[in-house]
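This report refers to the structure that appears directly beneath it.
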Amino acid sequence: MSETVKNEVPLWEVFIRPRNGLSHKHCGSVHAADEVMALQAARDVYTRRGEGQSIWVVRSKDIVASDPQDKEELFEPTADKIYRHPTFYEIPDEVGHM
Amino acid sequence: MDAHFEYVLRLADDQLVLGHRISEWCGHAPMLEEDLALPNIALDLIGQARMLYTHAGEIEGNGRNEDQLAYLRPEQEYRNLLIVERENGDFAHTMLRLFFYASFMELFWEKMLTSSDEVLAGIAAKAIKEVRYHVRHSAEWVIRMGDGTDESARRLEDAYDDLEAYCTEMFEMDDVARDMVAAGIGPDTQALVESWKAKVEAIFREAMLNRFAPVEGHRSGGRKGQHGEEMGFLLADLQYMQRTYPGLNW
Amino acid sequence: MYSQGLIGADTSTEESEEFLRAFQERIDAEQKIEPNDVMPAGYRKTLIRQIGQHAHSEIVGMLPEGNWITRAPTLKRKAALLAKVQDEGGHGLYLYSAAETLGVSREQMTEELHAGKAKYSSIFNYPTLTWADIGTIGWLVDGAAIMNQIPLCRCSFGPYARAMIRVCKEESFHQRQGYEIVMTLAKGSPEQKAMAQESLDRWWWPVLMMFGPHDSDSQHGDQSMRWKIKRFSNDELRQKFVDATIPQAEYLGLTVPDPDLKWNPEKNDGRGGYDFGAIDWDEFWRVVKGKGIMNRERIRDRRKAWDDGEWVREAALAHAQKRAERMAAEQQAAE
């Protein structure tokens with residue numbers, strides 16, 4: 001990606017749990033040499049306004065991502081399986097909320 | 001001067017002057033992440049200073065507010081430790097100074113939690129959380145620099161050699177401090193030396209830094225208003241607006 | 001803060017018409033483009049250039065305001081200014097991260113900035129000479145930036161749009177703190193009011209230049225608009241800014257240094273708006289090309305911070321490697 005520049009400080013992805021009860025959500029990235037530094041950088045960069053209760057960091061290169069080219073075969077086959085959704089089934093109004 | 005007022009003012013000056021120094025890094029740090037980390041620390045310290053100045057003004061009872069105390073005294077009425085006014089130097093000097101000072105303040109604020117001055121105890125409760133992070137952040141950098149490259153280890157040693165003379169002053173007791181111990185307001189800082197030494201040397205070991213915690217420094221005088229030559233320049237910046245345009249609101 | 005009309009982007013692209021049409025359909029359907037999606041080379045290049053310029057502007061933008069952190073007149077102002085300049089560093093960081101998703105590294109972008117190859121907002125090549133400038137920058141420079149940045153929250157490129165949402169949310173205090181500073185001066189002593197007016201006189205025209213060249217002279221605006229990287233033209237944004245700002249200046253009792261400024265009820269489809277005088281584009285291009293007051297100093301300071309920091313970054317990397325090796329050895333010993 002950028003072999004021209006030596007000694008790059010690695011990139012980490014940052015996930016923050018805004019408060020207990022919610023899941024960690026991706027919020028950006030930081031550069032850090034190691035995991036201790038990455039956590040502190042994430043704290044200093046992404047929680048300056050009380051945005052977090054918990055932080056995860058993970059090396060960007062360790063994330064395995066699906067290929068957007070595979071989108072059709074991965075995700076479109078579910079589109080016609082409408083019987084998985086509650087609105088597929090007709091229940092008379094008299095029965096009440098179900 | 002009233003000992004209680006003097007005591008709180010000293011504390012306020014320490015935090016302000018170090019906060020001021022650290023704020024000088026904003027925009028000039030070695031990496032962008034540190035451009036964010038250092039101002040966080042400076043903001044903590046300036047925030048502590050504001051509460052302390054306000055409290056000092058209340059103790060004094062002459063209606064002086066935080067800004068009048070922070071900005072409008074002659075140099076020899078500033079009572080900060082010499083270590084906090086030293087110029088930043090390089091990143092190693094900045095971080096080692098912060099580590100020495102924050103490790104001391106962590107112990108200090110812990111004792112202050114039970115101060116008979118309830119306002120100080122309240123400030124301590126807030127400050128202790130902040131200063132623990134300062135210790136953590138600076139200690140990690142001390143370790144990284146000590147156990148990094150030859151150059152970083154050499155720079156850390158140079159920083160140590162510059163700073164070692166200034167650490168003892170943090171623990172000094174004088175009449176004001178003794179009065180405060182007697183009144184249950186402040187701790188006996190001499191009693192903090194051993195814990196501080198242990199903490200510093202534990203981090204030095206991790207940093208592979210072949211040095212002892214510096215407890216026999218010869219520089220002191222800040223508490224009496226006898227500062228280093230750099231202090232006048234710091235105040236020239238700090239006081240510039242208030243001195244050039246006296247008595248205005250900003 | 002501080003995006004400026006993009007300077008000198010190359011939007012040329014060489015894909016087949018069919019590919020470009022399919023891509024355009026996605027854009028027209030308001031679908032967001034994500035980093036690993038296929039995209040025209042011109043789209044990628046334009047974004048790298050624009051996000052990079054935007055990030056550099058944030059980082060260089062720390063310098064003129066940072067110049068006053070140690071001289072702020074009260075502790076409250078000092079804390080607010082420090083927090084604001086720090087935020088700008090954060091915004092630069094978010095933006096570099098967004099650009100990095102496109103396959104360019106922060107180090108590469110930084111080196112381009114230091115080599116003088118990458119642009120940043122020309123406004124930061126002006127000096128901050130008085131405390132009033134800190135107020136004026138917050139009020140006008142951040143105000144102009146907000147005009148630019150709010151539409152960028154809907155940019156077609158997902159990471160850029162997300163970064164901008166975060167930036168806009170954090171930035172809401174910047175313009176207010178600036179305006180409050182100017183207001184305090186405008187309501188203060190005659191000396192303070194003169195300081196505020198003098199500052200406005202110096203910054204007004206450079207701020208209007210922040211929106212970039214007129215639409216008629218802007219070569220790449222159209223393609224950026226079609227790709228929904230940009231949502232409004234330079235002139236539209238500039239007009240919105242002037243219309244929003246003049247009443248704010250009037251409230252302060254300050255005068256914008258433009259004898260041609262006049263309310264025109266016909267403007268903006270009959271809703272009314274301000275006519276304003278001609279911008280000195282020679283000055284703009286002079287500054288963009290490096291002949292502004294502070295161009296050399298800004299790059300010199302950035303380069304110095306980077307060069308002085310090299311041993312620190314190297315130490316961190318060396319230590320990380322040692323630590324990793326030690327941990328691996330311990331693990332091996334345990335097995």
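In this text the structure is predicted, and so the values were computed from the model without any measurement. In what follows, chains carry the letters A, B, and so on, assigned in the order in which the sequence lines appear, proteins first and then strands, with residues in each chain numbered from 1.
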* Region of B/E140 in contact with chain C, defined by heavy-atom distances below 4.5 Å -> side chain
* So which of C/R106, C/E191, C/R323 has the biggest tally of heavy-atom pairs under 4.5 Å with chain B? -> C/R106
* B/E106 and B/R136: salt bridge (charged side-chain N to carboxylate O under 4.0 Å, His left out), yes or no, with the steps? -> CA-CA 11 Å; B/E106 181 177 4; B/R136 177 195 287 240; over 6 Å; no
* Option in C/R302, C/R71, C/Q86 with maximal non-hydrogen atom pairs under 4.5 Å from chain B -> C/Q86
* To do: If the plane angle is over 60° it's perpendicular, under 30° parallel, otherwise tilted; pick one for B/Y7 and B/F108.
  => tilted
* Stepwise, does the side-chain contact (heavy atoms from CB on, under 4.5 Å) test hold for B/Q48 with B/L11? -> CA-CA 9 Å; B/Q48 293 167 15; B/L11 266 179; over 6 Å; no
* May I ask you to check whether B/F99 and B/W141 place their ring centres under 6.0 Å from each other? => no
* Asked: When heavy-atom pairs shorter than 4.5 Å are enumerated against chain B, which of C/G309, C/P73, C/S189 gives the highest number?
  -> C/P73
* Structure fact -> Of the listed B/L43, B/I46, B/T244, B/L38, the one with the largest count of heavy-atom pairs under 4.5 Å with chain C is B/L43
* Side chain from CB out, backbone as N, CA, C, O: work out which of these in C/M195 comes under 4.5 Å of a heavy atom of chain B, or both, or neither. => side chain
* Verdict with supporting geometry, B/E230 and B/R86, salt bridge (charged side-chain N to carboxylate O under 4.0 Å, His left out) -> CA-CA 7 Å; B/E230 62 276 21; B/R86 301 293 292 158; 3.0 Å; yes
* Non-hydrogen atoms of chain C under 4.5 Å away: do they reach the side chain of B/Q242, the backbone, both or neither? -> side chain
* To do: Heavy atoms only, distances under 4.5 angstrom: which of B/A92, B/G47, B/P39, B/G146 has the most pairs with chain C? Name it, please.
  => B/P39
* Engaged part of B/A29 at the chain C interface, taking heavy atoms whose separation is under 4.5 Å -> backbone
* Asked: Which one of C/Y120, C/Y94, C/Y160 satisfies the side-chain hydrogen bond (donor to acceptor under 3.5 Å, both in side chains) criterion with C/H54?
  -> C/Y160
* Structure fact -> Greatest number of non-hydrogen atom pairs under 4.5 angstrom with chain B, of C/V60, C/L317, C/L82, falls to C/L82
* **Between C/G92, C/G135, C/G66, C/G90, the one whose heavy-atom pairs under 4.5 Å with chain B are most numerous** => C/G90
* Cationic N near anionic O, under 4.0 Å, C/K84 to C/E88 -> yes
* Under the salt bridge (charged side-chain N to carboxylate O under 4.0 Å, His left out) criterion, do C/R326 and B/D147 qualify, and how do the steps go? -> CA-CA 12 Å; C/R326 251 176 254 147; B/D147 185 28; 2.7 Å; yes
* At a heavy-atom separation under 4.5 Å, does B/D150 approach chain C through its side chain, its backbone, both, or neither? -> neither
* Contacting region of C/L63 [heavy-atom separation from chain B under 4.5 Å] -> side chain
* **Residue, of B/G148, B/S23, B/A153, B/A42, that accumulates the most heavy atom pairs under 4.5 Å with chain C** => B/G148
* Structure fact -> Ranked by heavy-atom pairs below 4.5 Å to chain B, first place among C/T184, C/D308, C/T70, C/I59 goes to C/T70
* **Which atoms of C/Q192 approach chain B - backbone, side chain, both or neither, heavy atom under 4.5 Å** => side chain
* Asked: Do C/V287 and C/Y126 come within less than 4.5 Å of each other through their side chains, counting heavy atoms only?
  -> yes
* Proximity breakdown for C/K304 and chain B, heavy-atom pairs closer than 4.5 Å -> neither
* Given a strict heavy-atom distance threshold of 4.5 Å, which part of C/L185 is in contact with chain B: side chain, backbone, both, or neither? -> side chain
* Heavy-atom proximity to chain C below 4.5 Å, by part of B/R155 -> side chain
* Could you look at B/A236 and say if it's the side chain, the backbone, both or neither that has a heavy atom under 4.5 Å from chain C? => neither
* chain C heavy atoms under 4.5 Å from B/M208: which part of the residue, side chain, backbone, both or neither? -> side chain
* Count the heavy-atom pairs under 4.5 Å between each of B/G27, B/A49, B/G19 and chain C, then report the option with the highest count. => B/G27
* Is the distance between the ring centroids of C/Y96 and C/H56 under 6.0 Å? -> yes
* Structure fact -> Heaviest contributor of heavy-atom pairs below 4.5 Å to chain C, chosen from B/D90, B/L36, B/T149, B/I143, is B/L36
* To do: Please lay out, stage by stage, how C/D133 and C/W203 fare under the test side-chain hydrogen bond (donor to acceptor under 3.5 Å, both in side chains).
  => CA-CA 8 Å; C/D133 289 356; C/W203 289 94; 3.2 Å; yes
* Looking at B/M31, B/E33, B/R21, which makes the most heavy-atom pairs under 4.5 Å with chain C? -> B/E33
* In terms of the angle between their ring planes, are B/Y240 and C/W68 parallel, tilted or perpendicular, with boundaries placed at 30° and 60°? -> tilted
* **Charged N-O contact under 4.0 Å between B/R211 and B/D161** => yes
* **Minimum side-chain heavy-atom gap B/E34-C/V312 below 4.5 Å** => no
* Taking C-beta and beyond as the side chain, do B/Q15 and B/Y101 meet within less than 4.5 Å on heavy atoms? -> yes
* **Region of B/L238 in contact with chain C, defined by heavy-atom distances below 4.5 Å** => both
